[in-house]
Chemist: 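The following block contains the structure, expressed as structure tokens.
All chains are named by letter (A, B, ...) in the order of the sequence lines, taking the proteins before the strands, and each is independently numbered beginning at 1. Only heavy atoms go into these numbers, but all of them, side chains included; no hydrogens, no water, no symmetry mates.
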Amino acid sequence: MNGAADLGGMMGFGRVVPEPEGEYFHADWERRALALTLAIAAAGRWNIDMSRHARESLPPAEYLGSSYYAIWVKGLERLLVAAGLVGADELEQRRVLRPGEPVRAWTADDAAAAMAAVVPYDRPVDTPARFAAGDAVRTRVLHPTGHTRLPRYARGKAGVVERVHGAHVLPDARAHGPDERPQWLYTVRFTGRELWGDAAAPDLGVTIEAWEGYLDPA
Amino acid sequence: MAEDMAERVEALESILVEKGYVRPDALEEIIATYEQDVGPRNGARVVARSWTDPAYRDRLLSDATAAIAELGYGGRQGEHMVALENTPDEHHVVVCTLCSCYPWPVLGLPPTWYKSPAYRSRVVLDPRSVLADFGVTLPEGTRITVHDSTAEVRYLVVPMRPAGTEDLDEEALAALVTRDAMIGTALL
């Protein structure tokens, strides 16, 4: 969807404020928000794409008006209610009104193992890759109402395949259900001028990762 | 709003604990992992090794996930790693314009600015102005490539080794490598 999270090329947000290394949180609730979001994954009711979609489909004014971890909290609340794990009334009243569903909860050891686990996103597929490194491609002009990882600034643009990554699960599908629909994934390089016109620096290059369904031969 | 969020998250945590969905010991473990154990010193060791061991550098550039695992780093948000080596000709900068994708096993949790609309919106359009916010100016003749992490591929920038460090050992070299240099918003 064309949501507020798709920020590439927007203007007016001011300067970037550097931050010292080692400052991860600015309030204790941010620590809790991170830990809750990661820990509840043990329940197995949603995946990372559903989680991203829950945040990114917040109404634009709310997304842009919320701090980063506030977006995480709001996304988590939406997921919990949609999955039937917590009632909207319980969030509203800030207390438990009915017993929980039987779901798995991590111990400390389970959590440590899960953070260190490598769970890859590539999948075996029967079809060969349509493109190879060096191929000229053009991204499609897509405006899906569901989840997508093709940024608006890179739609309908000519580029060159830089790297072939294997077939990866497709977020556009996986954000909405159990079907992973893996597709070949490519790194595609664009010139700054192709993306932004003549005002762009002549030596700017930008790469994105694009699933095969985002691309046509050029 | 900050106070409201504190109360809101406290209520959410107590609901999830009371329903048996999360355990407090798991929450503490996750916070300790990312506040104390996993951070940019991991990536700095990878960079220092690549500076001192040409065979390791080649493995890092051809299969970064495996090369990083050789040093014992891996896991969530580092499943498909790619290393980008800065050269006098090309400088790399990493962003996730859509959310906050970042290589956790080597850099830890992202800094606030990496997740901010200011960075995400402008670095793909005018990266030199973003580098200027960090007080960084690229040398004349260095082109710039911005990598927007739109999938589960995660990038580690390998900065150029500073001049005059020939006598330093790997540990001393790692101490020179900053988080921002491994994102591409600093030079060493």
Chemist: Tell me, for L84(B) versus chain A, whether the close heavy atoms (under 4.5 Å) come from the side chain, the backbone, both or neither.
Modeler: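 Only the side chain of L84(B) comes within 4.5 Å of chain A.
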Chemist: Checking heavy atoms, do the side chain of T178(B), its backbone, both or neither come under 4.5 Å from chain A?
Modeler: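 Both backbone and side chain of T178(B) come within 4.5 Å of chain A.
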Chemist: With a 4.5 Å cut-off on heavy-atom pairs, point out which of T112(B), L16(B), V130(B), V95(B) contacts chain A the most.
Modeler: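 If we count pairs closer than 4.5 Å to chain A, T112(B) comes out on top.
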Chemist: Can you tell which part of Y63(A) gets under 4.5 Å to a heavy atom of chain B, answering side chain, backbone, both or neither?
Modeler: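 The side chain, not the backbone.
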Chemist: Under a 4.5 Å heavy-atom cut-off, does chain A meet the side chain of Y73(B), its backbone, both or neither?
Modeler: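 Nothing of Y73(B), per the 4.5 Å heavy-atom cut-off to chain A.
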Chemist: Sort by residue number and list every residue of residues 188-201 of chain A having at least one heavy atom under 4.5 Å from chain B.
Modeler: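 Under the 4.5 Å heavy-atom cut-off, R189(A), W196(A), A201(A) qualify.
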Chemist: For L98(B) and R52(A), run side chain to side chain contact (heavy atoms under 4.5 Å, CB included): C-alpha distance rounded to whole Å, both residues' side-chain angles, the deciding distance at 0.1 Å, then the answer.
Modeler: CA-CA 9 Å; L98(B) 298 172; R52(A) 289 198 183 109; over 6 Å; no
Chemist: Are any side-chain N or O atoms of R15(A) and backbone N or O atoms of A132(B), one a donor and one an acceptor, separated by less than 3.5 Å?
Modeler: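 Checking the backbone N and O of A132(B) against the side chain of R15(A), no donor-acceptor pair under 3.5 Å is found.
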Chemist: Given the options A11(B), P127(B), A118(B), which has more heavy-atom pairs under 4.5 Å with chain A than any of the others?
Modeler: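 Ranked by heavy-atom pairs under 4.5 Å with chain A, first place is A118(B).
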Chemist: For the candidates C99(B), S116(B), G20(B), which exhibits the highest count of non-hydrogen atom pairs separated by less than 4.5 Å from chain A?
Modeler: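 That would be C99(B).
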Chemist: Can you see which heavy atom on T207(A) is nearest to which on Y155(B), and at what distance?
Modeler: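 Nearest pair, atom of T207(A) first, then Y155(B): OG1-OH, 4.4 Å.
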Chemist: Mind ranking V73(A), L80(A), V86(A), V96(A) by heavy-atom pairs under 4.5 Å with chain B and telling me who comes out on top?
Modeler: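 Maximum pair count with chain B is reached by V96(A).
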Chemist: What part of P105(B) gets closer than 4.5 Å to chain A, counting heavy atoms only: side chain, backbone, both or neither?
Modeler: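 Interface part for P105(B): neither.
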Chemist: Examine whether an atom of P171(A) lies under 4.5 Å from a heavy atom of chain B, and if so say whether it belongs to the side chain, the backbone or both; otherwise answer neither.
Modeler: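 Neither part; nothing is under 4.5 Å.
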Chemist: State, to 0.1 Å, how close P40(B) and Y24(A) come at their nearest heavy-atom pair, and which atoms those are.
Modeler: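 That would be CD-OH, 3.3 Å.
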Chemist: Please report the shortest heavy-atom distance between K19(B) and R98(A), naming the atom on each side.
Modeler: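 That would be NZ-O, 2.9 Å.
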Chemist: Please flag which part of E10(B) lies under 4.5 Å from any non-hydrogen atom of chain A: side chain, backbone, both or neither.
Modeler: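 It is neither, since no heavy atom gets under 4.5 Å.
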Chemist: Quick check on V119(A) against chain B: is it the side chain, the backbone, both or neither that has a heavy atom closer than 4.5 Å?
Modeler: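 The answer is the backbone of V119(A).
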Chemist: To check you understand the geometry: which heavy-atom pair defines the closest contact between V206(A) and V124(B), and what is its length?
Modeler: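 The pair with the smallest heavy-atom distance is CG2-O, 3.7 Å.
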Chemist: Counting N and O atoms only, with roles assigned by atom type, does the side chain of Y21(B) sit under 3.5 Å from a partner on the main chain of E101(A), one being a donor and the other an acceptor?
Modeler: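 Yes; at least one donor-acceptor contact below 3.5 Å.
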Chemist: Counting heavy-atom pairs closer than 4.5 Å to chain A, which one of E28(B), H147(B), R41(B), E90(B) comes out on top?
Modeler: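 Of the candidates given, the most pairs with chain A belong to H147(B).
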Chemist: Identify the residue among R94(A), R31(A), R32(A) that makes a salt bridge (Lys or Arg N to Asp or Glu O under 4.0 Å) with E13(B).
Modeler: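 Answer after filtering R94(A), R31(A), R32(A): R32(A).
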Chemist: V82(B), V17(B), V123(B): which one forms the most heavy-atom pairs within less than 4.5 Å of chain A?
Modeler: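 Highest number of pairs under 4.5 Å: V82(B).
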Chemist: Please flag which part of R55(A) lies under 4.5 Å from any non-hydrogen atom of chain B: side chain, backbone, both or neither.
Modeler: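 The answer is neither part of R55(A).
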Chemist: Any idea which heavy atoms bring A26(B) and T107(A) closest together, and the distance?
Modeler: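 In terms of heavy atoms, the two residues are closest at CB-O, 3.8 Å.
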Chemist: Drop me the distance from E209(A)'s CD to C96(B)'s SG, to the nearest 0.5 angstrom.
Modeler: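 One gets 10.0 Å once the value is rounded to the nearest 0.5 Å.
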Chemist: At their closest point, which heavy atom of L27(B) faces which heavy atom of A39(A), and how far apart are they?
Modeler: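 Residues L27(B) and A39(A), closest heavy atoms: CD2-CB, 3.7 Å.
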Chemist: Side chain, backbone, both or neither: which part of V38(B) has a non-hydrogen atom closer than 4.5 Å to chain A?
Modeler: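 Backbone only.
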